[in-house]
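Here is the structure we will look at, set down as structure tokens.
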Amino acid sequence: MNLPILSVLIFLPAIAAVVVPFLRSNASVRWFTLIALLIDFLIAVWLLIAFDTSTPDMQFRENLAWVPPLGIGYRLGIDGVSVWFIFLTALLGWICVLASWNSIKHRVKEFMASLLAIQSMMIGVFCALDVFLFYVLWEAMLIPMYLIIGIWGGENRIYAAFKFFLFTLAGSLLFLIGILVLYFEGGRTFDMLALMAREYSFKVQAWVFISFLIAFAVKIPMVPFHTWLPDAHVQAPTAGSIILAGVLLKMGAYGFIRFSLPMLPDASHYFAPMMIALSALAIVYGGLLALAQTDIKKLVAYSSVSHMGFITLGLFTLNVNGMSGAVIQMFNHGITTGALFLFVGLIYERTHSREIPRYGGMIKAVPLFGILFAAFLLSSMAVPGTNGFVGEILVLSGTFAVNGWAASAGVVGALIGAAYLLGIYRQVLLGPVKVPDDNKIWDLDNREILCAVPLLIFVFWMGFYPKTFLSILQPTLENLLLQLATTGAGG
Amino acid sequence: MDMTLIAGSALASVPEIIIIIGACAALMISLLPNARQENLLASLSVIIIALAAGMSYALPESPQREYAGMFVVDGFSTYFKMVLYLATALTILMSGKYLVKEGVVKGEYYVLLLFALVGTMIMVSGTDLLIIYVGIELQAIAIYVLVGFLKADARSNEAALKYVILGAFSSGILLYGISLFYGLSGSTNLAAISEALFAPNFDNPMLLMATLFMLVGLLFKVGVVPFHMWVPDIYEGAPSPITGFMSVAAKAAAFAVILRVFLNELFVLSPIWLLGVAVFAVATMALGSLAALVQTNIKRMLAYSSIAHAGFLLLGLIAGGADGVASVMQYLVVFTFMNLGMFAIIILLNKGVKFGEPIEAFAGLAKTHPILALMTMIFLLSLAGIPPTGGFFAKFYVLMALIETGHIWLAVIAVLLSAVAAWFYLRIIMLMYVHEPSGKPDIHITRSMQIVLAVTFLGTVLTGLFPAWLLEAARSAAVF
């Protein structure tokens, strides 16, 4: 294993992004981007196959000096959690290209270059084992996303882009302070594994935890830091929404798994009740907000807040069920919500309206669209047999073990979820055919089917045979729990 | 006086001597009737600077105190001189076309720039308060004239007059501080003052006054709140290349003096000024960032942005120690690249005096000139401190030094204010990429401008991606 496979995975899209501006026609740009991201996806698949499930250690490690006097290195490596997010990112990458094939008509070069750049940075974040590298990529990612929302977004895109950028930036900068404090407490290195191996006093842990919490809470987003999300989602183009929901939101939760839990175990235990309460609040509050929406994209955006609440809830149960449920739910949310945004985008392309009451009977008018959309709605609702069910049941069983009230809130949230998702189902798909402004509507073409089918496969694969996923996660999560259990020594 | 001493002193100051002789030669040449004079003078000035840079590089790194201990050549001064050479050369390279456009092609322009350069060089090498003062005045007088160089423009004249009056005022304050130090210690030499202050039982309430006056005089020069009032007007009125020069070279030299005086020789004074400087730093960052939000003129906006950056640089002073000094030094190099890059873009977009420099000039730049827009975006992101640009690493290193010394709350305030500051940089990016252009701007990029853009762009990007080299250079030079 001499080939630096993770670097190839990261730099392939980055190099492609540099090449894109030199291509001539828009068609060649699209094909080039698609092929680059498909190759990247194949590498990610290979990574999953080659991944050794018998060890919780970091694999495919790379280590190069970057800024040696400050202990900054180019350190890469993946474990059972990050391997899934790399896979998810690579999968959604080429789907985004297909989803933007016709809907992005001007400045195609810039769009595809931004898409490739953000792809490279997102994979980099999941591979990084150096805190500095992680931070640089985490923040640099805002630039292409800012452009994607700001240039190709909806009417109110500039406002949304600013709000997204500034919220996340402010959160990230506090994260930076936390990192630096940890750096000086942890022996002046940015090596994550070395920082994890250290023990910190409770006071340091608590403050650093809070600084990390703000950054991650903005990114996830947790209530009350969620207000940028609906704006960003509604204004972003479809590909932007898919990336945002599918990958960017996961990064906050990933941050908890990578930083807060293993490095700050005492603080994690200390703050767990608060986190559980906030999560329960997010589940119910996000659900209620979603229930009140008539704009379908906004509804899905608020449902994200609620679903992300399940993820943080599961993580801070600090037991194996809750945590594996949370990670599975992260993956699920990427698949399902990504798909929902895709379908919202597809219907918007056809009719230029997102108002739920203006639609009806889609399942009759465009049956293939209707059926697939219904499947993803059901998955988002966590109907047994879909991926959502596995994740939510694990999270809830983990939560019942620690806090009955929070678990009840989770159940209520799931019920509210069923209410608004079935609401879409009933209004948009059933009843007499209704198309806004009598636009022409047509069923999915091959390209669109190609976008949806891979996602659908994962909905049912996870729903019926979650062991594939769990077996890769298990060693890593057990190791994480071990790190969490060796607590108290520092306190 | 011993001949070998004189020879040694002369040798140590060869770079300054080269520039002065070169400036005088340029003054003579500018009197010759020649149609292509301006290009000749510009190239000549750059060659002179390159020569001086070569000499500075060749001089030994180990500290040499010459001219009876008034002038020093050490790693610190050499590092700063390199920054000054770079800034001046870039300023000269971006001036040519601008002067033609504004109709003020005059040989004195380059001569004055070279004299300003010598002034700043003396500032960074001076170890005697009077020598430092002479350096400050030399660069200030040259810059007064340069600020008013656009004779036909009322804004330029107003700026020059304001700068003269306020500059003289601040110099007076500084000089008063120096005289108080002389009264307290019997010397203007930094080493001698330091010795006197270290003497046992030294306790004199005038020390507070002396420190305060000197500090205020120097902070005035870098535009720290509440001594910043002159900055926006003068930045707006001065010819754009000169604004660029002031914002990087004059500022770098003033920071070099501040670092040398307050963190090295007179470090013993730090309990007196530490709290005050912390308050100034926060006020400077806050006012700079907030006032920049509402500007409609790009040069005024960059003036406030540069005030905010000065506030951030003060944090390095507060951190102190080798890392604090090195972080300021690293920051100033990155700032030279990104700010001069931004001024180069402004000069390219310039449409003459009447038009002014509205930020709308950037509208739709991405459509008409995609490469230029991309560069502008990188400069702006770097000024905002977004990775992976040099501006991020520079801020990162300052924060690191600050946290190392336990000033965590200052760091928190600093990052929150820089999030505010990000807004006005992003606004220009939006203008470039989202808005429609109002007609195709007439942009002609000359060869020398291409060099400026390439150097500043590569500098901004490479100091972000591979910061180790610059960091090592700053660290090894931060030892006085």
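A quick note: this is a predicted structure, and the numbers were derived from the prediction, not measured. A note on names: the letters A, B, ... follow the listed sequences, proteins ahead of strands, and every chain is numbered from 1.
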Backbone of Leu426(B) reached by a side-chain donor or acceptor of Tyr146(A) within 3.5 Å: yes
Contact winner vs chain B - Leu137(A), Ile179(A), Ile151(A), heavy-atom pairs under 4.5 Å: Ile151(A)
Chain A-proximal positions within residues 367-379 of chain B [heavy-atom distance under 4.5 Å]: Lys367(B), Met377(B)
Sequence neighbours excluded, every pair satisfying ring pair (Phe, Tyr, Trp, His ring centres under 6.0 Å) that has a member inside residues 304-329 of chain B: His309(B)-Tyr331(B), His309(B)-Phe335(B), Phe312(B)-Tyr331(B)
Over 12 non-hydrogen atoms of neighbours within 6.0 angstrom of OH in Tyr159(A): no
Option in Phe466(B), Tyr433(B), Phe393(B) with maximal non-hydrogen atom pairs under 4.5 Å from chain A: Tyr433(B)
Side chain, backbone, both or neither of Ile143(A) within contact of chain B (heavy atoms, under 4.5 Å): side chain
Distance-minimising heavy-atom pair for Pro69(A) and Glu472(B): CG-OE2, 3.6 Å
Point-to-point distance, once rounded to the nearest 0.5 Å, from CG of Leu416(B) to CG of Leu169(A): 9.5 Å
Chain A-proximal positions within residues 380-388 of chain B [heavy-atom distance under 4.5 Å]: Leu381(B), Gly385(B), Ile386(B), Pro387(B), Pro388(B)
Minimum-distance pair of heavy atoms, taken over all atoms of Val412(B) and Ile177(A): N-CD1, 3.9 Å
Worked check of side-chain contact (heavy atoms from CB on, under 4.5 Å) between Glu404(B) and Leu180(A): CA-CA 8 Å; Glu404(B) 186 179 11; Leu180(A) 284 171; over 6 Å; no
Rounded distance (nearest 0.5 Å) linking atom CG of Leu471(B) with atom CG of Leu70(A): 5.0 Å
Whether Phe190(A) and Phe396(B) hold their rings parallel, tilted or perpendicular, with breakpoints at 30° and 60°: tilted
Closest non-hydrogen atom pair between Leu166(A) and Ala422(B), with its separation: CD2-CB, 4.1 Å
Toward chain B, the part of Ala65(A) with a non-hydrogen atom under 4.5 Å: neither
Heavy-atom side-chain contact between Leu173(A) and Lys395(B) under 4.5 Å: no
Side-chain donor/acceptor of Trp66(A) to backbone N/O of Ala468(B), under 3.5 Å: no
For Asp323(B), side chain to side chain donor-acceptor pair (under 3.5 Å) partners two or more places apart: Tyr397(B), Arg475(B)
